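Since the structure comes first, as structure tokens, the remarks are kept for the end.
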Amino acid sequence: MRGIEEKWRRKWAGAGVYEPKAGKGKKKYITAAFPYPNSPQHVGHGRTYTTADIYARYWRLRGYNVLFPMAFHVTGTPILGMAKRLREGDPELLSVFENIYGISRETAETLTEPEALVMHFSREIEEGMKEIGYGVDWRRKFYTFDRHFNKFVQWQFRKLRQKGYVVKGTHRVAWCPSDSNVVSAHDTQGDVDPEIEEVAGIKFRFGDGWLVAATYRPETVYGVTNLWVDPKERYVKVAKGEEILYVSEKAAKMLSLQFHLDILGKVDGVDLVGKEAEEPYGRKIPILPAGFVDAGQGTGVVMSVPAHAPYDYLALRDLGMFGKLGPIVMLSYPGMRPGSVPAGEIVERMGIGGQNDPKAEDATKELYKIEAHTGIMGIGEFKGMKVLEAKEKVKVRLVGEGKAFVFYLLAKGPVFCRCGAQVGVKMVEDQWFLDYGDEGWKAAVREWIGKMDVMPEAVRKDYLATVDWLKEKACTRASGLGTPFPFDKSKIIEPLSDSTAYMAFYTIAHLLRDADPEELDEEFFDYVFLGLGKGRKEWEPMRKEFLYWYPLDSRHSGGDLVRNHLPFFVFNHVALFPEEHLPRQIATNGFVMMEGKKMSKSFGNILPLRKAVREYGADVVRFSVVAGADLAQDTNFERSVAEGVRGRLEHILSLLEYADADGNGRMEKWLKSRMSRRLIALPSLYEGLEMRALAQNVFYEVMHDLQWYLKRAERPKLKWFFENWAVIVSPFMPHVAEEIWHSLGKKGFVVDAKFPECSEGMVDAGLEMGEGLVGMVRYDVEKISERIGAKPKKVFVYVPAAWKFDAYGLMREKKALRDLIEWGKGSGVDMAEVSKFGKGLMSRVHSLPDVLPAEGEYGALRDAAGFLSAELGAEVVVRREEEGGHAKAGNAMPGKPAIVLE
RNA sequence: GCAGGGGUGGCGGAGCCUGGAAAACGCGCAGGGCUUAGAACCCUGUGGCCUAGCGCCUACGCAGGUUCAAAUCCUGCCCCCUGCACCA
């Protein structure tokens with residue numbers, strides 16, 4: 001198999017089959033998301049590319065000029081970390097390289113620079129793509145750190161800025177103060193996702209300044225009875241602008257990432273205890289000690305609402321002060337007993353001992369859920385309003401009155417960086433954004449998504465939902481490979497922002513090989529991509545190339561890009577190009593699992609693409625990664641299935657010996673009829689990328705047909721079959737198809753052949769029904785033999801009486817016994833029989849299937865009598881019910897002949 | 001919390017949009033064929049019961065409803081998966 005594959009790949013390449021010329025006839029331009037070369041590809045990566053390649057190959061067969069290019073996305077930071085770890089000789093990574101990627105230590109030691117690393121994996125991936133037979137136009141290959149490409153991206157950002165879509169502002173990120181770096185989930189201890197949440201810091205007048213309590217429930221300020229501090233912690237007096245605040249020392253450290261704070265002095269928590277503070281509406285409340293206060297979260301000060309917060313209730317009870325202070329019940333909800341204290345009730349119900357009882361956390365969550373979602377405010381300006389709405393109103397009001405300020409902290413905190421330091425929330429100044437929150441831009445994007453083809457269609461909703469919640473996207477990073485940001489060259493454009501319009505760049509990439517990147521200025525790209533300005537003579541070919549290939553006809557990627565890359569891609573196209581150059585279609589697919597499990601390094605179950613190709617052959621791998629499930633679903637790569645595919649393929653190739661002849665007998669007509677059905681159905685299946693149905697129609701069901709044909713035909717004549725099958729299967733299995741094509745003595749390549757035209761006229765439903773009948777009779781006879789435990793010597797098959805066919809047709813049409821009885825009166829048939837027949841059909845009168853006419857049924861069975869005799873090892877006699885001879889003959893129904901065994 | 005998707009045999013999954021004989025196709029398993037043997041391949045079977053097949057019964061997360069007819073349409077409930085960003 002491998003020899004065959006390599007032979008055809010070489011011939012295709014030699015003939016430049018996949019290097020289309022612009023400007024000739026109808027075209028299809030198809031791209032798949034370019035790979036990030038930080039590892040070799042596994043079979044999972046193969047799914048998207050194979051899907052796109054199949055799609056591209058289908059359109060070639062339909063006579064389109066098809067462009068399917070590929071490049072490498074080397075932008076990003078992970079590759080920097082990987083190079084660093086290689087430099088340091090990280091044993092874990094070296095082991096992954098050796099055991100999973102198959103890269104020797106000696107080679108790994110040469111890959112300590114990011115550039116060397118990406119080039120190594122790019123070559124590896126490119127080789128793999130060639131080996132699996134993707135019809136890529138490699139002349140257009142580029143890397144996203146190429147200077148030509150950098151110029152293109154910078155042009156793109158200039159255009160976006162001219163439209164006001166590139167903006168500058170502050171931005172909050174999870175931040176490690178020790179590393180001075182942005183922290184994401186894989187940088188934290190325990191891989192905690194550092195989720196940023198907004199909280200209200202409510203100010204309580206205290207001495208010369210304010211004690212600040214952080215809360216998610218600002219609306220409960222009306223129920224506050226006291227403040228909590230941790231007596232064992234140290235607190236600090238700080239200046240935030242004009243204001244003087246008191247917070248815990250640990251909290252101050254975290255807050256200083258968000259605000260400029262000057263530390264003025266220190267005070268021990270225990271010294272705060274017993275003092276008084278004033279809540280925003282003037283009530284004096286005491287400051288009390290509590291053990292549950294976490295000085296590292298929020299501000300280290302907690303406002304106490306004992307009626308609605310189990311912790312506050314418990315801490316107050318632990319102090320023996322419950323009842324002396326409040327409680328103030330400030331909201332109610334359906335099902336709450338009048339006069340009850342919700343926090344007290346839940347604490348009693350759950351039998352919670354004190355503030356250190358772990359169950360207190362569950363009680364808090366449960367009560368919060370009820371109160372936040374169903375609660376109604378009972379006191380204050382917002383009395384009668386839903387808690388859910390009041391929450392926001394109270395916050396805005398307090399902030400407006402200077403009695404609170406908004407800040408951010410990490411949910412589920414405290415979160416720790418791998419280096420050990422506590423992670424905080426930092427406000428980054430001078431951050432550049434792409435303003436995907438711009439309503440005008442969004443509206444245009446929504447409109448275009450409405451017009452585009454989306455496959456699978458169900459995903460359209462996801463795109464629209466994503467567009468709705470998209471807002472400013474930080475588009476630069478401090479480091480990494482890629483394109484320098486044109487308005488601040490010290491920054492690099494981050495990977496999801498430099499990969500949104502590169503499909504346009506492919507159209508000219510091969511013509512820029514020898515160009516000086518410095519000459520690729522705004523004027524150049526304006527002319528080539530937008531037709532602006534006068535242009536120069538030497539730019540003409542590129543302008544033509546772009547105008548020919550654009551718009552992009554189909555974009556392919558994994559479903560994981562639906563929430564980021566793909567909407568960005570639409571946003572950027574909408575911003576840059578006129579409507580006639582906007583993408584026409586997006587197709588996304590699910591993941592590939594390995595033997596039912598997610599592929600991952602830790603499971604050690606990653607099957608590299610090139611290894612799979614070596615083991616099973618390119619065509620088998622291509623088929624296996626796409627045919628197992630519909631586009632949207634996750635699919636499963638199973639070795640047993642791949643082996644099954646390979647086995648069937650070998651079987652089918654062994655039938656090539658029968659490809660020397662054509663025939664026009666009953667069974668050849670039958671096979672042509674079956675195939676014609678598929679040929680007629682296939683275009684819409686290919687165009688809709690209905691992978692599961694395609695797999696059935698070009699492979700599995702074709703096998704079934706062949707098996708029946710081989711059983712029924714005297715001497716197989718498969719020339720016509722192979723001539724057509726080679727073409728329709730070639731998108732999935734181009735190498736095998738090419739081999740068949742040439743063994744038939746065909747000229748040219750099958751990958752360039754014309755998709756077989758087929759007319760309805762070649763479908764013979766009657767013939768197929770007849771064969772169905774033959775199969776059914778065989779099945780029934782075997783069933784009966786089994787039941788009576790004896791092989792028959794003679795089998796009588798009775799075709800029903802002619803009148804039954806008329807009666808059946810009448811029942812199908814009228815669906816009423818009365819009409820049949822009327823008909824029976826004039827037919828001369830015994831009325832008892834007519835009535836019995838009709839009653840038998842009544843229960844399923846709404847779903848009677850189409851059947852052959854009497855002569856057709858008789859003819860089909862008579863023709864197959866010899867075959868049935870041989871199969872059943874008994875003489876088979878086909879008779880008409882009218883001929884009589886056996887009592888059971890009367891049981892015959894259209895589509896269900898009576899059978900008598902002797 | 002918000003958004004999106006999903007519950008069908010031993011398993012992966014068709015069927016749902018557009019109601020009309022659920023389980024296509026594959027995997028696994030069982031029996032048989034071909035082989036010195038094996039692998040591969042081929043054939044047959046695979047919810048239960050049965051008055052020889054053409055038959056009956058039971059099944060599509062749970063509970064209702066609409067209909068001559070519901071896996072499919074409607075209502076309520078239960079459970080599961082994915083995403084929530086600056087990152088590939």
Side-chain angles (χ1 to χ4, degrees), chain A residues 33 35-36 38-39 73 75-79 171 173-174 182 184-186 193 195-197 369 372-373 388 411 428 431 433-434 436 457-459 461-466 468-477 494-497 499 559-565 568 590-591 593 596 627-630 632-636 638-641 643-648 650-651 654 692-693 695-697 699-701 703-704 707 710-711 776-777 779-790 792 815 840 842-849 871 888 891-893 895-901:
Chain A
Y36 185 68
N38 68 339
S39 68
H73 195 200
T75 311
T77 49
I79 208 87
H171 182 49
V173 292
V182 178
S184 54
H186 58 268
D193 183 31
E195 193 184 331
I196 296 170
E197 284 184 334
K369 204 167 181 177
H373 290 265
L388 213 52
V428 177
Q431 175 64 54
F433 298 92
L434 283 170
Y436 294 136
E457 176 59 38
V459 181
K461 265 193 256 170
D462 286 282
Y463 289 119
L464 293 171
T466 306
D468 281 343
W469 65 255
L470 272 174
K471 42 183 191 267
E472 299 89 355
K473 156 102 181 93
C475 62
T476 61
R477 304 208 78 180
E494 66 83 38
L496 284 172
S497 300
S499 56
D560 51 332
L561 301 188
V562 169
R563 283 118 200 145
N564 45 52
H565 164 74
F568 298 163
F591 291 110
M593 310 211 286
D630 269 323
Q633 257 110 30
D634 289 350
T635 188
N636 198 4
E638 286 183 87
R639 290 182 178 276
S640 54
V641 174
E643 277 158 17
V645 172
R646 181 170 57 188
R648 282 178 183 78
E650 279 163 6
H651 178 61
S654 75
R692 196 68 204 190
Q696 302 288 347
N697 273 285
F699 196 63
Y700 291 115
E701 286 178 8
M703 294 294 298
H704 280 217
Q707 279 156 3
L710 291 170
K711 202 182 268 224
M776 194 182 83
V777 167
Y779 175 86
D780 285 349
V781 171
E782 280 174 354
K783 268 274 140 121
I784 301 167
S785 306
E786 211 174 277
R787 181 142 309 280
I788 61 178
K815 305 184 198 307
M842 271 317 283
S843 65
R844 54 199 176 98
V845 72
H846 292 282
S847 54
L848 291 174
E871 281 281 305
K888 283 192 185 289
N891 291 346
M893 299 285 271
K896 278 173 184 155
I899 295 166
V900 180
L901 305 194

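Per chain, numbering begins at 1; letters A, B, ... match sequence-line order. Note that the structure is a prediction, hence the values are computed from the model and not measured.
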| message | Pick the closest RNA chain B nucleotide for A/N891 and for A/N564 by heavy atoms, then say which residue is nearer the 5' end. | response |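 The 5'-side residue here is A/N891.
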Position toward the 5' end of RNA chain B (nearest nucleotide), A/Y36 or A/R648: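 The residue closer to the strand's 5' end, by nearest nucleotide, is A/R648.
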* Asked: When rounded to the nearest 0.5 angstrom, what distance separates CG in A/N697 from CZ in A/R692?
  ->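 Between A/N697 CG and A/R692 CZ, I get 12.0 Å after rounding to 0.5 Å.
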Self-check item: OH-OG1 distance between A/Y436 and A/T466, expressed to the nearest 0.5 angstrom
Solution: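 A/Y436 atom OH to A/T466 atom OG1 measures 13.0 Å (nearest 0.5 Å).
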[X] vs [Y] side-chain heavy atoms within contact, under 4.5 Å:
X      : Y      : result
A/F568 : A/L470 : yes
A/I79  : A/Y36  : yes
A/K473 : A/F433 : no
A/K711 : A/E871 : yes

Take atom [atom1] of [X] and atom [atom2] of [N], then tell me their distance rounded to the nearest Å.
X      : N     : atom1 : atom2 : result
A/R639 : B/A40 : CZ    : C1'   : 17 Å
A/E701 : B/A24 : CD    : C1'   : 8 Å
A/M703 : B/C43 : CE    : P     : 8 Å
A/Q707 : B/C25 : CD    : C1'   : 13 Å
A/Y700 : B/A24 : OH    : P     : 15 Å
A/D780 : B/U44 : CG    : C1'   : 15 Å
A/K473 : B/C84 : NZ    : P     : 12 Å
A/D630 : B/G6  : CG    : P     : 12 Å

What's the gap between [N] and [M] when it is taken at their [atom1] atoms, as a whole Å value?
N     : M     : atom1 : answer
B/C73 : B/G19 : P     : 9 Å
B/A59 : B/G47 : C1'   : 8 Å
B/G4  : B/C50 : C1'   : 48 Å
B/C27 : B/G9  : C1'   : 13 Å
B/C81 : B/A23 : C1'   : 23 Å
B/G7  : B/G13 : C1'   : 13 Å
B/A37 : B/G28 : P     : 23 Å
B/G61 : B/U51 : C1'   : 37 Å

Tell me whether the side-chain N/O atoms of A/H651 come closer than 4.0 Å to OP1 or OP2 in B/C43.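 For A/H651, the contact criterion (side-chain N or O under 4.0 Å from OP1 or OP2 of B/C43) is not met.
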Quiz item: Taking only N and O in the side chain of A/Q696, is any of them less than 4.0 Å away from OP1 or OP2 of B/G26?
Solution: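 No, no such contact exists.
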Among [options], find the nucleotide with the atom closest to the side chain of [X].
X      : options             : result
A/E650 : B/A40, B/A52, B/A21 : B/A40
A/P495 : B/C41, B/A88, B/C25 : B/A88
A/W469 : B/A85, B/C25, B/A52 : B/A85
A/N38  : B/A88, B/A14, B/G83 : B/A88
A/V641 : B/G26, B/C42, B/G53 : B/G26
A/K711 : B/C41, B/C43, B/A21 : B/C43

What nucleic acid atoms does [X] come within less than 4.0 Å of, heavy atoms only: base, sugar-phosphate, or nothing?
X      : value
A/K461 : sugar-phosphate
A/Y779 : sugar-phosphate
A/E472 : base
A/K471 : base
A/H73  : nothing

Return the nucleotide paired to [N]: Watson-Crick means purine N1 to pyrimidine N3 with N6-O4 or O6-N4, wobble means G-U with N1-O2 and O6-N3, both under 3.5 Å.
N     : value
B/G20 : B/C68
B/U51 : none
B/U46 : B/G28
B/A59 : none
B/G83 : B/C2
B/C41 : B/G33

Is the backbone N or O of A/Y700 less than 3.5 Å from a side-chain atom of A/R648, with the two atoms forming a donor-acceptor pair by type?
->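 Checked: no pair found.
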- Using atom types as modelled and distance alone, determine if a side-chain donor or acceptor of A/E494 lies under 3.5 Å from a backbone N or O of A/S497.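 Such a contact is found between A/E494 side chain and A/S497 backbone.
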### Message
Between B/C25 and A/R692, counting only base atoms on the nucleotide and side-chain atoms on the residue, is there a donor-acceptor pair under 3.5 Å?
### Response
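Yes, the side chain and the base share a sub-3.5 Å donor-acceptor pair.
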Self-check item: Syn/anti state of B/G9 by chi, 90° boundary around 0
Solution: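 Here B/G9 takes the syn form, which means its glycosidic angle is within 90° of 0.
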